[in-house]
Amino acid sequence: MSQPLMPMATAVWLIDNTSLTFKQIARFCGLHDLEVQGIADGTVGQSIAGIDPTANGQLTWAEVRRCQDDPSASLVLSKGAKPEQTRTKGPRYTPVSKRQDKPDAIAWLLRHHPELSDTQISRLVGTTKPTIGAIRERSHWNIANIRAQDPVALGLCKQMELDEAVQKAAVRAQKNAPAQPESAPAEDAADSGADVENPADDSPASDL
């Protein structure tokens, strides 16, 4: 489904100005329910200013009211509205104001999701492998001031993107796990100990 331009800012506005459910807002903006919950709680996107989708022609008030009256309904982008361009290649763009948060996000991912590859972390946070390596080895120039923080809470990636990366890492780890050696078959009970016990007729005769 097409998403509005600047989905995070649109979600901020919808939370503040409508009675739509978090699920409705999440579906329309392409966000995770927990991200919308975080915006409402003030733990995600604190510095993001809301953008009115009805003012830029991406949504009508009639559509908003329709979905407010029916919590199971999904918002539909207005005809002619330009959908968000989906990024397919190239590094993730990070606003200048958030670039200083990247080391904190990398530290959090390394601590809580060590199964993620450097490539996955690079895509999630928009960083480089040398930076990841420096933080992992604690040789980063600012390591003393790095504090692990959730990249979703910092607004550097979406919860859905993080969940997807973790799932892929789990599948990869399962495929690369060494096969467990089969246990040796149990020895036949009749054979075990046969050469240890002496038969009764082999015992030496007593001297008379």
Side-chain angles (χ1 to χ4, degrees), residues 1-88 92-102 104-109 111-113 116 120-121 123-127 147-170:
M1 186 175 69
S2 297
Q3 300 170 11
L5 293 169
M6 303 187 71
M8 187 72 78
T10 300
V12 170
W13 189 91
L14 291 172
I15 290 170
D16 292 340
N17 296 275
T18 73
S19 60
L20 293 167
T21 67
F22 291 160
K23 286 186 179 295
Q24 287 175 309
I25 295 173
R27 284 198 299 265
F28 180 66
C29 297
L31 303 174
H32 193 281
D33 294 358
L34 294 178
E35 285 182 276
V36 179
Q37 176 72 57
I39 294 172
D41 292 341
T43 59
V44 176
Q46 300 98 323
S47 60
I48 298 178
I51 291 181
D52 182 357
T54 66
N56 57 26
Q58 296 188 93
L59 198 61
T60 65
W61 270 109
E63 179 67 7
V64 172
R65 286 191 289 269
R66 180 183 71 84
C67 292
Q68 287 181 149
D69 293 339
D70 181 6
S72 64
S74 298
L75 289 164
V76 177
L77 202 67
S78 297
K79 292 183 179 179
K82 184 179 179 181
E84 180 188 29
Q85 296 290 332
T86 302
R87 184 177 63 88
T88 56
R92 176 188 298 276
Y93 171 75
T94 305
V96 175
S97 61
K98 291 186 176 296
R99 290 178 188 175
Q100 62 185 6
D101 296 330
K102 288 184 179 183
D104 294 344
I106 296 169
W108 189 93
L109 290 170
R111 176 184 299 176
H112 295 279
H113 294 290
L116 292 176
Q120 288 179 304
I121 295 175
R123 290 173 179 170
L124 285 170
V125 180
T127 187
R147 300 291 180 267
Q149 296 188 62
D150 187 344
V152 175
L154 291 172
L156 293 173
C157 69
K158 298 178 180 179
Q159 185 68 49
M160 287 187 296
E161 294 171 330
L162 177 57
D163 292 345
E164 182 179 356
V166 170
Q167 290 173 1
K168 288 182 178 178

Once you round to the nearest 0.5 Å, how far does CD1 of I15 lie from CG of D41? 9.0 Å

Flag, side chain of E63 to backbone of V76, donor-acceptor distance under 3.5 Å: yes

Whether Q24 side chain and C67 backbone form a donor-acceptor pair below 3.5 Å: yes

When rounded to the nearest 0.5 angstrom, what is the spacing between CG in L162 and CD in E164? 10.5 Å

As an exercise, state the distance from CD1 of I106 to CG of L116, rounded to the nearest 0.5 Å. 12.0 Å

Give me the atom names and distance for the closest heavy-atom approach of R66 to A73. NH1-CB, 3.6 Å

Assess the residue pair V36 and C29 against the criterion (side chain to side chain contact (heavy atoms under 4.5 Å, CB included)); give the C-alpha distance rounded to whole Å, side-chain angles, the decisive distance to 0.1 Å, and a yes or no. CA-CA 9 Å; V36 179; C29 297; over 6 Å; no

Please find the pair of heavy atoms, one from L124 and one from C157, that lie closest to each other, and give the distance. O-CB, 3.4 Å

Could you pull out the closest heavy-atom pair between L75 and L20, with the gap in Å? CD1-CD1, 3.6 Å

D52 and T54 have their tightest heavy-atom pair at OD1-OG1, 2.5 Å

In Å and rounded to the nearest 0.5 Å, what is the CD to CD distance from E35 to E161? 7.5 Å

Rounded to the nearest 0.5 Å, how far does CG of D101 lie from CG of D150? 12.0 Å

I39 side chain near M8 side chain, heavy-atom distance below 4.5 Å: yes

Would you find a donor on one side and an acceptor on the other, under 3.5 Å apart, between the side chain of Q68 and the backbone of T18? no

Mind checking the OG1-CG spacing from T10 to N56? Nearest 0.5 Å is all I need. 6.5 Å

Is there a side-chain contact between L14 and L59 in this structure, where contact means two heavy atoms from C-beta onward sitting under 4.5 Å apart? yes

Check each of Q159, K23, R27 against D33 using the side-chain hydrogen bond (donor to acceptor under 3.5 Å, both in side chains) test, and report the only one that passes. K23

Over all heavy atoms of both residues, which pair between P151 and W108 is shortest? Give the atoms and the distance, please. CD-CE3, 3.5 Å

Which atoms form the tightest heavy-atom contact between F22 and Q37, and what is the distance? CE1-OE1, 3.2 Å

